[in-house]
Protein chains: 2
Amino acid sequence: MNLTPNLTSFVMHFGEMGSRWGFNRTVGQMYALLVISAEPLTANDIAETLNISRGNVSMGLKELQSWQLVQVSHQPGDRKDYFRAIGSIWDMAKRVMEERRKREIDPTLSLLRDVLLDKPSNSQEQHAQQRLQEIHDLLESVTKWTNELQRLSPDNLNTLLKLSSGVGKVLDMKDKFIGKEERKESR
Amino acid sequence: MNLTPNLTSFVMHFGEMGSRWGFNRTVGQMYALLVISAEPLTANDIAETLNISRGNVSMGLKELQSWQLVQVSHQPGDRKDYFRAIGSIWDMAKRVMEERRKREIDPTLSLLRDVLLDKPSNSQEQHAQQRLQEIHDLLESVTKWTNELQRLSPDNLNTLLKLSSGVGKVLDMKDKFIGKEERKESR
DNA sequence: TATAATTTTCAGAAATTACTGAAACTTCAA
DNA sequence: TTGAAGTTTCAGTAATTTCTGAAAATTATA
């Protein structure tokens, strides 16, 4: 397959950025390619278009599948595997959020929990634990948020994102609302 | 300086995670060390405690300063530089968010803007641009959100984080509320 | 200004990570 | 079964990143 210069530069750029997003250059390129492609592609299409080895493509696709960012599909009467990027932009965003949480936050959270179980044995530990507790609490809140976001419908996600300049407003709403809800519930 | 086993394991863990968070192992360890330390440390303290070379510490501290995560300070009558992690957990969280946005989102956003300026020259580009437009819009919203979050006081950030499980509720109510607010404002 | 204390730089070594391509494996159809 | 079409694996190599340590630079003090 041949890409226009414009699209090539996007694909290459995504490769460069790849490392900052947690996968390597070629995986980034492969994903970009799949995202912009109207049709599903075979591993060979990808290897050719990007000029990388067939073996590398196989490994890269495995990685992308582990992120649940690409899906295999098949064409009738053709036994090759065809790959495409999963669903909507929201699906992608959710998956990336989820995977990064798993890789970047969960392990630390679990270590922190362990460390915080021990009683501090001296003033150095005493002080350290205070900081670690703060980090723990923050990460735990972030985790809750991402869980919550996972559950929202695309519609609500959209609303929430567009609401940005209204974070202040959201906070205001919360007071009134939560207040109301709680009063209602406790009645 | 000597760390208890517990703290050592935290520092080492932070090193391992470092790469997932955008800096290398030793930079991660250095930061962890500074975060849990009650007193500011000299570059030599750090090199000794972590068993890494003085030169490496110097480069690492530069990196951490570029993230604005550590500050230099001085002790009267001592010309050594002392380093400490910046302020509160919120300061840290904000800085990390900000830096990651700069490194992970901004460059892509700017490339996307460029690519989207060109009129699609064929149906391949046509389709690609649609997807790119979606990605662009999403990233732009995320950017706005992070800007908004930067401005919030620790108090409000706290409230917002704690709100997580209520996001759904708030969104449901949103229509009524935004309606109400706007009516109020336009009066 | 000289020198001692401290920090930074950077060339090369070490460690890590990514990539290739040929061989092994799997799957399907005849 | 056999073999053709396709995929995966993985040992070895290439590329990249990180780290060291000695030399250069900086800064304060006498």
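Below, read A as the first sequence line, B as the second, and so on, with proteins coming before strands; counting in each chain starts at 1. Source: prediction; values computed, not measured.
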Visitor: Just one of Leu109(A), Leu116(A), Val115(A) clears the side chain to side chain contact (heavy atoms under 4.5 Å, CB included) bar with Arg113(A), so which one?
Guide: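 Only match with Arg113(A) under side chain to side chain contact (heavy atoms under 4.5 Å, CB included): Leu109(A).
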
Visitor: Side-chain N or O of Asn44(B) less than 4.0 angstrom from OP1 or OP2 on dT6(C)?
Guide: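 It does not, given that no N or O in the side chain of Asn44(B) lies less than 4.0 Å from OP1 or OP2 of dT6(C).
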
Visitor: To the nearest angstrom, how far is Gln75(B) atom CD from dA28(D) atom C1'?
Guide: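 So the CD-C1' distance, Gln75(B) to dA28(D), works out to 17 Å.
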
Visitor: Report the C-alpha separation of Leu3(A) and Phe10(A) in whole Å, then their side-chain angles, then the decisive distance to 0.1 Å, and conclude whether the side-chain contact (heavy atoms from CB on, under 4.5 Å) test is met.
Guide: CA-CA 10 Å; Leu3(A) 294 177; Phe10(A) 171 72; over 6 Å; no

Visitor: To the nearest Å, give me how far apart CD (Glu63(B)) and P (dT7(C)) are.
Guide: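 Computing the Glu63(B):CD to dT7(C):P distance gives 19 Å.
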
Visitor: Just checking, any donor-acceptor pair under 3.5 angstrom between side chains of Gln133(A) and Asp137(A)?
Guide: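 Yes, because at least one side-chain N or O of Gln133(A) sits under 3.5 Å from a partner of the opposite role on Asp137(A).
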
Visitor: Within the 3.5 Å criterion, strictly below it, is a donor on Thr108(A) or Asp106(A) matched to an acceptor on the partner's side chain?
Guide: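 Checked: Thr108(A)/Asp106(A) side chains show no N/O donor-acceptor pair below 3.5 Å.
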
Visitor: Should Asn56(B) be listed as having a side-chain N or O under 4.0 Å from OP1 or OP2 of dG21(D)?
Guide: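 No, outside the criterion.
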
Visitor: Mapping Arg25(A) and Ala43(B) onto DNA chain C by nearest heavy atom, which one lands closer to the 5' end?
Guide: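 Its nearest nucleotide lies further toward 5', so the answer is Ala43(B).
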
Visitor: Using the closest heavy atom to pick a nucleotide of DNA chain D for each, name whichever of Met59(A) or Asn24(B) lands nearer the 5' end.
Guide: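 So the residue in question is Met59(A).
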
Visitor: Ignoring hydrogens and angles, does a donor from either the side chain of Arg79(B) or the base of dT27(D) sit under 3.5 Å from an acceptor on the other?
Guide: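 Yes, the side chain and the base share a sub-3.5 Å donor-acceptor pair.
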
Visitor: Figure out the NE2/P separation between His74(B) and dA5(C), and round it to whole Å.
Guide: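 My rounded result for the distance is 17 Å.
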
Visitor: Which nucleotide wins on minimum distance to the side chain of Ser53(A), given the candidates dC19(C), dT9(C), dT6(C)?
Guide: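 Given the options dC19(C), dT9(C), dT6(C), the side chain of Ser53(A) is closest to dC19(C).
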
Visitor: Between atom NZ in Lys80(A) and atom C1' in dC28(C), what is the gap in whole Å?
Guide: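 It works out to 14 Å between those atoms.
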
Visitor: Rounded to the Å, how far apart are Leu50(B) CG and dT20(D) P?
Guide: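 After rounding, the gap between these two atoms is 10 Å.
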
Visitor: In terms of side-chain heavy atoms of Ile52(B), which of dT20(D), dC19(D), dT6(C) is nearest?
Guide: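 My answer, after comparing the listed nucleotides, is dT20(D).
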
Visitor: Quickly work out the Tyr82(B) OH to dA5(C) C1' distance and round it to whole Å.
Guide: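 Going from OH in Tyr82(B) over to C1' in dA5(C) covers 13 Å.
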
Visitor: Mind checking Thr26(B) for me? I need base, sugar-phosphate or nothing, with any heavy atom below 4.0 Å counting as a touch.
Guide: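 Counting heavy atoms under 4.0 Å across all strands, the contact made by Thr26(B) is with sugar-phosphate only.
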
Visitor: Select one nucleotide: of dT7(D), dT18(D), dT9(C), the one nearest the side-chain heavy atoms of Arg54(A).
Guide: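 Taking heavy atoms from C-beta onward, the closest nucleotide is dT7(D).
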
Visitor: Compare side-chain N and O positions of Lys62(A) against OP1 and OP2 of dT9(D) and report whether any pair is under 4.0 Å apart.
Guide: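 Yes, such a contact exists.
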
Visitor: Nearest-Å distance, CG (Asp78(A)) to C1' (dC28(C))?
Guide: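 Going from CG in Asp78(A) over to C1' in dC28(C) covers 13 Å.
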
Visitor: Does Glu98(B) reach the main-chain N or O of Lys94(B) with its side chain, forming a donor-acceptor pair under 3.5 Å?
Guide: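 Not confirmed, Glu98(B) side chain does not pair with Lys94(B) backbone.
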
Visitor: Rounded to the nearest angstrom, tell me the gap between atom CE in Met30(B) and atom C1' in dT20(D).
Guide: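 Checked: the CE to C1' distance equals 15 Å.
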
